[in-house]
Amino acid sequence: MLQIQKIRDEKDAVIAGLEKKFFGEIELLDKLLALDEQKRGVQVKREEMQARLNKSSKEIGMLMKEGKRKEAEAKKNEVKNIKEEGLGELSNEFSRLEGEVKDILLQIPNVPHESVPKGKTEEDNEVVKTDEAPTLSDDALPHWELAKKYDLIDFELGVKIAGAGFPVYKNQGAKYQRALIQYFLDYNTDAGYQEMQLPLMVNEDSAYGTGQLPDKEGQMYHVGDDNFYLIPTAEVPITNIYRDEIIDPKELPIKLTGYTPCFRREAGSYGKDVRGLNRLHQFDKVEIMQLVKNDQSYDVLNEMVAHVETLIKNLGLPYRILRLCSGDTSFASALTFDFEVYSAAQKRWLEVSSVSNFETFQSNRMKIRTRNAEGKTELVHSLNGSSLALPRILACLLENNQTENGIAIPEVLQSYYGKKVIS
RNA sequence: GGUGAAAUGUCAGAGUGGUCGAAUGAACUUGUCUUGAAAACAAGCGUACUUCACGGUACCGGGGGUUCGAAUCCCUCUUUCACCGCCA
């Protein structure tokens with residue numbers, strides 16, 4: 001959520017940013033500012049009236065104490081008049097305006113960072129860095145066939161138990177997943193991230209906090225009876241740890257990591273995109289998150305990108321880094337770098353990580369603050385990234401490392417997996 | 001799931017209708033003293049909105065109500081604790 005003060009002070013810059021992001025309702029800004037001004041006008045009137053009432057009430061209290069009943073009664077009537085002047089109406093008006101202002105603010109996406117290239121679709125993303133796309137022999141198999149051949153993943157069984165998009169990892173496949181998760185977590189904790197094990201369901205407040213609500217309501221599984229949402233990413237519970245907190249500056253930066261399954265409805269997806277492990281309703285992911293002082297977030301973003309890059313390199317996968325264009329940058333993000341690894345058998349790049357700086361967009365919603373040098377509270381910047389999403393990594397590891405004698409396991413994973421090859 | 005108790009500032013903990021944004025203690029910050037530290041003493045020490053400013057308003061788990069006036073009374077929800085039941 002953008003800060004209303006910022007919209008007031010830098011309206012033109014905000015509008016330019018939102019236009020760059022192709023936000024379709026720029027006119028909301030004018031409506032917002034008008035409502036906000038109206039709100040403050042009503043607020044001043046209401047508080048002035050309330051102040052008079054409070055003052056009189058205190059006087060009544062004093063008169064009662066002194067035993068001056070009659071005068072107190074007279075005063076009571078006087079106070080009643082204040083109420084009839086319309087205090088109730090003003091209060092209702094104020095609440096209404098306050099609600100409308102908030103509703104609009106929740107609908108406005110974050111303003112993109114100046115370095116974000118303008119563009120509408122993924123075609124316009126800027127390739128920051130890229131490996132050569134390797135080629136495999138013509139008889140190389142896609143991962144869903146390798147999964148069958150080596151009995152690693154059973155997609156049909158998942159359909160039987162739950163539905164499409166809920167694969168069952170079996171035997172060596174399950175073990176490979178576990179090895180990857182453990183390696184990722186160790187890699188992150190070695191870099192100073194503290195490991196957290198988190199709730200897989202969150203309440204409404206948490207979903208609003210990170211920006212999933214109201215923007216992505218239909219993308220989350222909702223447990224109606226208890227009004228819980230299944231997390232679409234660990235970002236939600238892990239960032240909400242600090243909701244409504246004022247963090248001691250000495251504790252910053254806060255660096256957390258967590259492994260969780262993620263649940264996404266993926267309404268509207270279809271076709272070859274969803275084949276095999278490419279797009280699932282439930283998948284595993286290890287996430288990293290940082291909360292930092294507001295002048296450090298872009299350095300930290302680079303640091304996190306480098307962190308993920310090394311992780312992918314360690315796995316030996318061909319990858320590229322994209323700076324997302326304005327239209328492809330998510331609702332809450334100011335700047336996002338995507339990592340894609342190359343699936344040689346499918347001959348396509350697959351997104352495996354997304355590293356974003358949200359600046360104060362999330363912390364403003366969640367009221368995550370710290371103190372500046374003067375001791376005043378100020379919002380922190382929040383960042384997060386995947387390190388990494390499992391299924392597509394697994395897909396590429398299977399496809400790219402297939403040999404006549406089985407599927408080779410990258411060296412860094414061998415101690416976790418216990419073998420050098422799947423056969 | 002049942003019964004009972006509770007929820008107050010960073011923490012502990014007073015406060016049951018009227019100068020209560022809230023006693024007291026601890027922690028913390030600053031100063032005095034000290035070679036330094038400790039101790040002692042003194043002062044300070046919630047958040048947010050609003051106003052050019054003085055100031056004003058709101059917040060004592062959340063929401064609603066009664067009243068001229070609510071931390072305090074009523075309703076409701078949530079959470080915590082205790083005991084019972086069930087259970088990995």
Side-chain angles (χ1 to χ4, degrees), chain A residues 1-9 32-106 197 199-209 213 223-229 237 240-252 254 294 360 362-380:
Chain A
M1 185 162 80
L2 295 176
Q3 291 159 272
I4 184 80
Q5 191 63 48
K6 183 179 169 168
I7 300 178
R8 264 192 245 157
D9 295 346
L32 173 73
L33 289 173
L35 282 168
D36 178 58
E37 198 174 332
Q38 218 181 325
K39 184 198 92 174
R40 280 179 291 137
V42 172
Q43 180 175 359
V44 169
K45 270 195 213 159
R46 196 205 81 197
E47 290 185 355
E48 183 267 337
M49 201 176 272
Q50 186 68 51
R52 275 200 287 151
L53 193 141
N54 287 349
K55 188 157 169 272
S56 298
S57 292
K58 272 188 183 164
E59 284 167 14
I60 292 172
M62 303 231 279
L63 289 171
M64 291 292 235
K65 236 179 199 169
E66 292 165 22
K68 297 175 180 168
R69 273 224 118 84
K70 260 189 192 161
E71 290 166 53
E73 288 301 326
K75 199 87 188 173
K76 273 195 194 179
N77 287 328
E78 191 188 312
V79 172
K80 268 186 185 152
N81 290 336
I82 298 181
K83 282 198 154 175
E84 280 160 18
E85 278 175 43
L87 184 60
E89 285 76 6
L90 278 177
S91 293
N92 291 339
E93 178 76 350
F94 178 73
S95 306
R96 186 182 65 79
L97 289 166
E98 198 179 29
E100 282 187 42
V101 166
K102 180 102 192 265
D103 278 351
I104 294 179
L105 275 174
L106 285 172
Q197 205 168 53
L200 305 182
M201 291 194 248
V202 295
N203 58 29
E204 233 177 19
D205 285 346
S206 293
Y208 270 102
L213 289 178
V223 183
D225 280 350
D226 296 296
N227 200 22
F228 288 139
Y229 290 89
N240 272 282
I241 290 173
Y242 287 95
R243 173 153 48 86
D244 291 321
E245 298 286 336
I246 299 175
I247 302 168
D248 189 329
K250 281 178 279 191
E251 286 179 40
L252 295 174
I254 282 168
N294 57 22
T360 60
Q362 293 182 328
S363 61
N364 189 34
R365 286 188 174 201
M366 282 184 274
K367 298 286 168 272
I368 307 181
R369 291 152 295 169
T370 186
R371 292 185 192 280
N372 62 18
E374 289 86 56
K376 287 252 194 316
T377 60
E378 65 182 19
L379 296 169
V380 301

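Below, read A as the first sequence line, B as the second, and so on, with proteins coming before strands; counting in each chain starts at 1. These numbers were taken from a predicted model, which means no experiment stands behind them.
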Only pairs at least two apart or in different chains count here, so list each side chain to side chain donor-acceptor pair (under 3.5 Å) that has a residue in residues 365-377 of chain A.
N364(A)-K367(A)
For nucleotides 70-74 of chain B, tabulate all protein N/O to nucleotide N/O atom pairs closer than 3.5 Å, reporting atom names and distance.
none

Indicate whether any N or O donor in one side chain lies under 3.5 Å from an N or O acceptor in the other, for N203(A) and S206(A).
yes
Is any side-chain heavy atom of Q38(A) closer than 4.5 Å to a side-chain heavy atom of E93(A)?
yes
P gap between G61(B) and A70(B), integer Å:
15 Å
Contact class for N77(A) (heavy atom, under 4.0 Å): base, sugar-phosphate, or nothing?
nothing
side-chain hydrogen bond (donor to acceptor under 3.5 Å, both in side chains) against R40(A), all qualifying residues, sequence neighbours excluded
D36(A)
N54(A) side chain near A58(B) phosphate (N/O to OP1/OP2, under 4.0 Å)
yes
I'd like the P distance from A12(B) over to C81(B), given in whole Å.
14 Å
Dot-bracket assigned to RNA chain B with the 3.5 Å Watson-Crick/G-U criterion, [ ] for crossing and | for other-strand pairs, is ((((((((.[[[..)..(.....]]].(((((.......))))).(((((....))))).[[[[[..)....]]]]])))))))....
For the P atoms, the ones on U8(B) and on A14(B), what distance do you get once it is rounded to whole angstrom?
11 Å
Determine which pairs satisfy salt bridge (charged side-chain N to carboxylate O under 4.0 Å, His left out) with at least one residue from residues 46-55 of chain A, sequence neighbours left out, and list them in order.
E48(A)-R52(A), R52(A)-E85(A), K55(A)-E59(A)
Residues that K39(A) engages under side-chain hydrogen bond (donor to acceptor under 3.5 Å, both in side chains), provided they are two or more places apart
none
Interatomic distance where CD belongs to E204(A) and P belongs to U78(B) [whole Å]
14 Å
Within the 4.0 Å limit for protein heavy atoms, which parts of nucleotides 46-53 of chain B are touched? Write it as a string from 5' to 3', B for base, S for sugar-phosphate only, - for none.
SSSBSS--
Partner residues of E37(A) under the salt bridge (charged side-chain N to carboxylate O under 4.0 Å, His left out) criterion, sequence neighbours left out
none
With distance as the sole criterion, is a donor-acceptor pair present between the side chains of E73(A) and N77(A) under 3.5 Å?
no
How many Å lie between CD on E48(A) and P on G56(B), as a whole number?
13 Å
Can you see which heavy atom on Q3(A) is nearest to which on T360(A), and at what distance?
OE1-OG1, 3.1 Å
Nearest-angstrom distance, P atom, U57(B) to G21(B)
10 Å
Hey, what are the protein-to-nucleotides 16-23 of chain B N/O distances that come in under 3.5 Å?
| from | atom 1 | to | atom 2 | distance (Å) |
| --- | --- | --- | --- | --- |
| G18(B) | N2 | S57(A) | O | 2.7 |

Is the closest side-chain heavy-atom distance between L2(A) and I4(A) below 4.5 Å?
no
Whole-Å C1' distance, U72(B) and U67(B)
13 Å
Rounded off to whole Å, could you give me the CG-to-P distance for the D248(A) and C11(B) pair?
14 Å
Pairwise P distance for A22(B) and G44(B), with rounding to whole Å:
13 Å
How long is the line joining NZ of K376(A) and P of C45(B), in whole Å?
13 Å
Holding to side-chain hydrogen bond (donor to acceptor under 3.5 Å, both in side chains), I want the full list of residues that pass it with E204(A), two or more places apart in sequence or in another chain.
none
Sequence neighbours left out, what passes side-chain hydrogen bond (donor to acceptor under 3.5 Å, both in side chains) with D244(A)? Give chain and number order.
none
When the P atoms of U30(B) and C20(B) are compared, how many Å lie between them, rounded to an integer?
31 Å
Would you please name every residue forming a ring pair (Phe, Tyr, Trp, His ring centres under 6.0 Å) with Y229(A), sequence neighbours left out?
H222(A)
C59(B) and G64(B): how far apart are their P atoms, nearest whole angstrom?
11 Å
Check this for me: does any side-chain nitrogen of one of R96(A) and E100(A) sit under 4.0 Å from a carboxylate oxygen of the other?
yes
